[in-house]
Amino acid sequence: MSVTKRINSGRGHWYKLDGEKVDGVTTVISNGIPKPALMPWAAKEVATFAADNLDLLGQLDRDARIDLLKGAHYRDRDKAARRGTEVHGLGERIIRGEEVEVPEELIGHVDAYLQFLDDFQPDPQLIEVVVGHHAHKWMGTLDLVATIEEETWLLDLKTNKSGIFGEVGLQLAAYRNAEFYLDDTGTEQPFPKIDHTAAIWIRADGYDLVPVETGPDIYRVFRYAQQIAQFQTVTSKTVVGDVIQPPRRAA
């Protein structure tokens with residue numbers, strides 16, 4: 001029997017579609033879309049950490065300094081990722097009507113999300129559900145589908161410092177084109193028609209609801225990203241063959 005589900009593994013997860021492992025939407029985007037801003041960002045994070053920690057670095061030997069510095073940008077990224085995961089988890093529980101205990105450092109973010117709920121009064125239809133596309137071989141987990149003033153909105157929560165990036169359009173375009181979602185029993189159900197797509201940028205000082213374009217042209221780019229991701233992670237390992245030796249000739 002074919003199996004389609006999300007499988008949680010440690011701090012991560014992966015997907016099985018019709019019994020085969022497939023990439024998630026965010027993995028496709030991560031592997032298939034160039035990120036030229038990452039190199040200067042990483043260099044700035046390392047330089048900033050070094051400038052702020054000269055005394056500490058002076059107490060270490062050369063190898064220890066290198067190890068500490070080369071991980072500086074990852075520590076900042078991981079901290080932001082943990083904050084995002086925690087806010088998503090709290091947001092899911094809040095919109096389900098559950099009581100939550102909010103860590104002090106996230107009170108501003110939670111207050112901002114509560115303000116969004118109060119301002120727009122979304123009626124949740126799907127919360128943190130797994131979606132997928134059989135023919136195009138991808139799956140993912142969306143944040144929220146809700147009714148706002150009798151129209152259906154596909155919404156994604158973002159907590160990064162810099163606002164909403166264009167890649168969010170690829171993510172939401174994929175979800176919008178899902179063939180199915182998995183209900184509470186793991187059974188496939190037809191994915192609803194979406195009227196609007198937007199990101200909720202949640203910060204400690206407030207929120208913004210930002211419309212995101214997810215038309216057919218954007219979904220086509222996501223499909224191209226799938227091909228690039230496939231090349232980067234699989235095909236590229238097979239295109240370079242063994243060294244060709246010169247032919248042997250009779251003396």
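- Contact of the Leu182 side chain with the Thr187 side chain is not registered, since no non-hydrogen atoms from C-beta on lie closer than 4.5 Å.
- Note on Val102: it clusters hydrophobically with Ile94, by side-chain heavy-atom contacts below 4.5 Å among ILVMFWY residues.
- Counting only N and O atoms by type, the side chains of Asp119 and Tyr207 include a donor and acceptor under 3.5 Å apart.
- Summarising the geometry, atom CZ belonging to Phe222 is positioned 6.0 Å from atom CH2 belonging to Trp138; distances are rounded to the nearest 0.5 Å.
- With hydrogens and angles left out, the side-chain atoms of Gln226 and His136 include no donor and acceptor closer than 3.5 Å.
- Here the straight-line distance linking atom CD of Gln189 with atom CD of Glu179 works out to 14.0 Å at 0.5 Å rounding.
- Contact of the Thr4 side chain with the Asp18 side chain is registered, since non-hydrogen atoms from C-beta on lie closer than 4.5 Å.
- The backbone N or O of Gly215 sits less than 3.5 Å from a side-chain atom of Glu213, completing a donor-acceptor pair.
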Exercise for review: Walk me through it: do Leu69 and Phe49 pass the test side chain to side chain contact (heavy atoms under 4.5 Å, CB included)?
Suggested key: CA-CA 7 Å; Leu69 288 170; Phe49 180 85; 3.8 Å; yes
Review point. Are Asp217 and Val221 close enough, and set up right, to give a side chain to side chain contact (heavy atoms under 4.5 Å, CB included), and what steps lead you there?
Key: CA-CA 7 Å; Asp217 289 346; Val221 175; 6.0 Å; no
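- The distance between the ring centers of Phe180 and His133 does not fall below 6.0 angstrom.
- Distance CG/Leu209 to CG/Leu155: 6.5 Å, rounded to 0.5 Å.
- Considering only heavy atoms from C-beta on, Val145 comes within 4.5 Å of Phe191 through its side chain.
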Exercise for review: Starting from the C-alpha separation in whole Å, work towards a yes-or-no answer on side chain to side chain contact (heavy atoms under 4.5 Å, CB included) for Trp14 and Thr27.
Suggested key: CA-CA 10 Å; Trp14 55 284; Thr27 299; over 6 Å; no
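- Contact annotation: the side chain of Thr147 never approaches that of Pro122 to less than 4.5 Å [non-hydrogen atoms, C-beta and beyond].
- When side chains are defined from C-beta on, Glu92 does not count as touching His88, because their heavy atoms never get closer than 4.5 Å.
- For the atom pair OG1 of Thr26 and NE2 of His13, the computed distance is 5.5 Å after rounding to the nearest 0.5 Å.
- Counting heavy atoms from C-beta on, the side chains of Leu126 and Pro192 come closer than 4.5 Å.
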Point to revise | Stepwise salt bridge (charged side-chain N to carboxylate O under 4.0 Å, His left out) check, Lys193 with Asp195 | key: CA-CA 7 Å; Lys193 178 183 180 298; Asp195 297 311; 3.2 Å; yes
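- Hydrophobic clustering, with ILVMFWY side chains joined whenever heavy atoms are under 4.5 angstrom apart, keeps Val110 apart from Trp201.
- Remark: the Ser162 side chain and the Asn160 side chain contain no N/O donor-acceptor pair separated by less than 3.5 Å.
- For Glu128, the CD atom sits in a packed shell: over 12 heavy atoms of surrounding residues, nucleotides or ligands are nearer than 6.0 Å.
- Across all their heavy atoms, Ala199 and Val212 have their closest contact at N-CG2, 3.8 Å.
- Judged by distance alone, with hydrogens and angles left aside, the side-chain atoms of Asn177 form a donor-acceptor pair with the main-chain N or O of Ala173 at under 3.5 Å.
- Ile127 places a side-chain heavy atom less than 4.5 Å from the side chain of Ile95.
- Residues Gln230 and Lys137 have side chains not in contact (no heavy-atom distance under 4.5 Å, counting atoms from C-beta outward).
- With rounding to the nearest 0.5 angstrom, the CG atom of Leu154 is 8.5 Å from the OH atom of Tyr175.
- Leu144 and Tyr181 fall into different hydrophobic clusters, defined by Ile, Leu, Val, Met, Phe, Trp and Tyr side-chain heavy atoms under 4.5 Å apart, directly or through other members.
- For Glu98, the salt bridge (Lys or Arg N to Asp or Glu O under 4.0 Å) test picks out Arg93, with sequence neighbours left out.
- Looking only at atom types and distance, the side chain of Thr141 has a donor-acceptor partner in the side chain of Tyr15 under 3.5 Å away.
- Checked by atom type and distance alone, the side chain of Gln121 pairs as donor or acceptor with a backbone atom of Asp118 at under 3.5 Å.
- With 3.5 Å as the limit, one finds a donor-acceptor pair spanning the side chains of Lys158 and Gln171.
- Surrounding CD of Glu150 are at most 12 heavy atoms belonging to other residues, nucleotides or ligands under 6.0 Å away.
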Check your understanding: Are Lys237 and Thr235 close enough, and set up right, to give a side chain to side chain contact (heavy atoms under 4.5 Å, CB included), and what steps lead you there?
Key -> CA-CA 5 Å; Lys237 297 178 174 60; Thr235 310; over 6 Å; no
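- Interatomic distance, Asp111 CG to Asp205 CG, rounded to the nearest 0.5 Å: 11.5 Å.
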